[in-house]
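Here the structure is laid out as structure tokens; the discussion comes afterwards.
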Amino acid sequence: MEFRQLECFVAVAESLHFGRAAERLCMTQPPLSRQIQLLEQALGVTLFERNSRQVELTAAGRHFLRDARHLLEYSARAAATARRASGGEAGHITLGFTAVASYRLMPAMIMQARKVLADVEIQLRETVSTDLNRLLLAREVDAILARSVPQQPGVEARLIVREPLVLALPDGNALLEHESITLKQLHGQPFVLYSPREGKFFYDRIVGAFGLAGVQPRFVQSAGQTHTLLALVRAGLGVGIVPDSARELRLDGVHYRPLSVRNFNADMYLAWHAQHENPALAAFLERVARIDDAPQALRAR
């Protein structure tokens, strides 16, 4: 039994006329009749009752029509799925990301992917940047959203977003009367800092800025994750510096002020292996991440 025979059978069954079915299939009537005969021989049943004036389906033909239609529809869907997968419009990717990326950037990407790549399944893995780099190098993920990217041959990255670092303050803090804050105003202030291990990127960035400004806050507590740091700020332990996307957490009792510091930003990169064989990843990079529009390209040497 061949798919062409099924197409011929369905055409005749729906029109109950060999001539009209042949026109529909862009063929002549004798080859059409031959295809029906071959199908009946393969099945071992008679599908049509024929006479000089009319064509009717037999009981076997009526039952077989439903399954024949399903087979043809399934075949068409399978072919379309293969074409979509080849073009990256279907398939699977695994995206690693840091916790902070989940506040604003990663959800925006997932929403865009659902619009333009609805048949691509995206599996998410959240961890810190150092672990993301390891997962990428081991090819356990297809791409990562991380603060730093591995400097390894074959790894390519784009700067996706550059967001300012801002000061988070609790209710009643005296600094709230200012529209913006300088680092010198934080000298001696109780301060909640990122952990040097779990929050290494922010720890190095913030401590380095304090050192350059000759400022020494009073470090009272540390936290590995931004949401934990903000909870400590809300509890009144001190102030803290966080990326602007932390506003998306909308914690009651926590307020934000810009910092008067030049180039005091938190960068987020999208990194992947330049040599990959995943069409879905290529489509994600082009149509969701829009890497060609990204402001900066990094290629590990």
Side-chain angles (χ1 to χ4, degrees), residues 96-111 124 126-132 145-148 159-269 295:
F97 65 97
T98 64
V100 176
S102 68
Y103 301 157
R104 184 180 292 165
L105 177 60
M106 183 273 290
M109 283 189 163
I110 297 303
M111 291 174 63
L124 300 172
E126 177 190 347
T127 187
V128 297
S129 289
T130 52
D131 287 342
L132 288 175
L145 288 169
R147 296 295 179 187
S148 59
L159 174 61
I160 296 297
V161 65
R162 170 166 284 166
E163 58 179 317
L165 294 172
V166 298
L167 186 68
L169 310 96
D171 279 337
N173 190 282
L175 293 175
L176 284 172
E177 66 182 43
H178 301 280
E179 291 298 321
S180 64
I181 309 296
T182 66
L183 291 184
K184 291 190 179 298
Q185 288 176 276
L186 302 180
H187 187 78
Q189 289 280 339
F191 193 90
V192 182
L193 184 63
Y194 281 94
S195 164
R197 187 170 68 88
E198 294 93 342
K200 186 179 186 308
F201 172 86
F202 291 111
Y203 176 90
D204 292 343
R205 196 86 174 89
I206 294 167
V207 170
F210 283 147
L212 290 174
V215 173
Q216 183 59 54
R218 180 163 55 89
F219 299 122
V220 296
Q221 191 55 268
S222 64
Q225 299 292 339
T226 300
H227 59 270
T228 304
L229 190 153
L230 291 177
L232 297 176
V233 169
R234 181 172 61 175
L237 272 67
V239 300
I241 293 177
V242 296
D244 186 70
S245 58
R247 297 175 188 265
E248 302 295 336
L249 295 175
R250 303 185 187 280
L251 267 67
D252 292 336
V254 178
H255 309 271
Y256 301 92
R257 292 292 184 270
L259 289 161
S260 300
V261 185
R262 291 186 62 187
N263 300 320
F264 198 34
N265 303 307
D267 295 340
M268 183 70 72
Y269 293 91

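Values in this document were obtained by computation on a predicted structure and should not be read as measured data.
Atom-to-atom distance recorded for Gln221:CD and Leu232:CG is 6.0 Å, nearest 0.5 angstrom. Atom CZ of Phe219 is separated from atom CD of Gln189 by 12.5 Å, given to the nearest 0.5 angstrom. The structure places CD of Gln225 at 11.5 Å from CG of Leu230, a figure rounded to the nearest 0.5 Å. Note that NE2 of His178 is 10.0 Å distant from CZ of Arg257, once rounded to the nearest 0.5 Å. Here the CD-CG distance, from Glu126 to Leu132, works out to 9.0 Å after rounding to the nearest 0.5 Å.
Between the Arg147 side chain and the Asp267 main chain, a donor and an acceptor come within less than 3.5 Å of each other. Not one N or O on the side chain of Glu248 forms a donor-acceptor pair closer than 3.5 Å with the backbone of Ser245. Side-chain atoms of His187 come within 3.5 Å of backbone N or O of Gln216 as a donor-acceptor pair.
Between Met109 and Leu145 the shortest side-chain heavy-atom distance falls below 4.5 Å.
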Do Leu124 and Ile110 pass the side chain to side chain contact (heavy atoms under 4.5 Å, CB included) test, and can you show the C-alpha distance, the side-chain angles, and the key distance before you say yes or no?
CA-CA 10 Å; Leu124 300 172; Ile110 297 303; 4.0 Å; yes
For a side-chain hydrogen bond (donor to acceptor under 3.5 Å, both in side chains) check, start with the C-alpha distance between Ser260 and Ser180, then their side-chain angles and the critical distance, and finish with the verdict.
CA-CA 6 Å; Ser260 300; Ser180 64; 3.3 Å; yes
Criterion side chain to side chain contact (heavy atoms under 4.5 Å, CB included) on Val242 and Tyr256, from CA distance to verdict:
CA-CA 9 Å; Val242 296; Tyr256 301 92; 4.0 Å; yes
Quick one, Leu186 with Ile241, criterion side chain to side chain contact (heavy atoms under 4.5 Å, CB included). Give me CA distance, side-chain angles, the key distance, then yes/no.
CA-CA 11 Å; Leu186 302 180; Ile241 293 177; 4.3 Å; yes
Return all side-chain donor-acceptor pairs below 3.5 angstrom for residues 166-175, not counting sequence neighbours, or 'none' if the list is empty.
from	atom 1	to	atom 2	distance (Å)
Asp171	OD1	His255	NE2	2.4
Asn173	OD1	Leu175	N	2.9

Identify each donor-acceptor pair in which a side-chain atom of residues 191-215 lies under 3.5 Å from a protein atom, sequence neighbours left out, and give them as a table.
from	atom 1	to	atom 2	distance (Å)
Tyr194	OH	Thr226	OG1	2.7
Ser195	OG	Arg197	N	3.2
Ser195	OG	Glu198	OE1	2.6
Lys200	NZ	Asp204	OD2	2.7
Arg205	NE	Asn265	O	3.0
Arg205	NH2	Asn263	O	2.5

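In terms of heavy-atom proximity, Ala101 sits nearest to Phe97 at CB-CB, 4.2 Å. Ser129 and Thr98 get closest at one heavy-atom pair: OG-CG2, 3.3 Å.
Residues in residues 217-233 take part in no salt bridge (charged side-chain N to carboxylate O under 4.0 Å, His left out) pair, two or more places apart or across chains.
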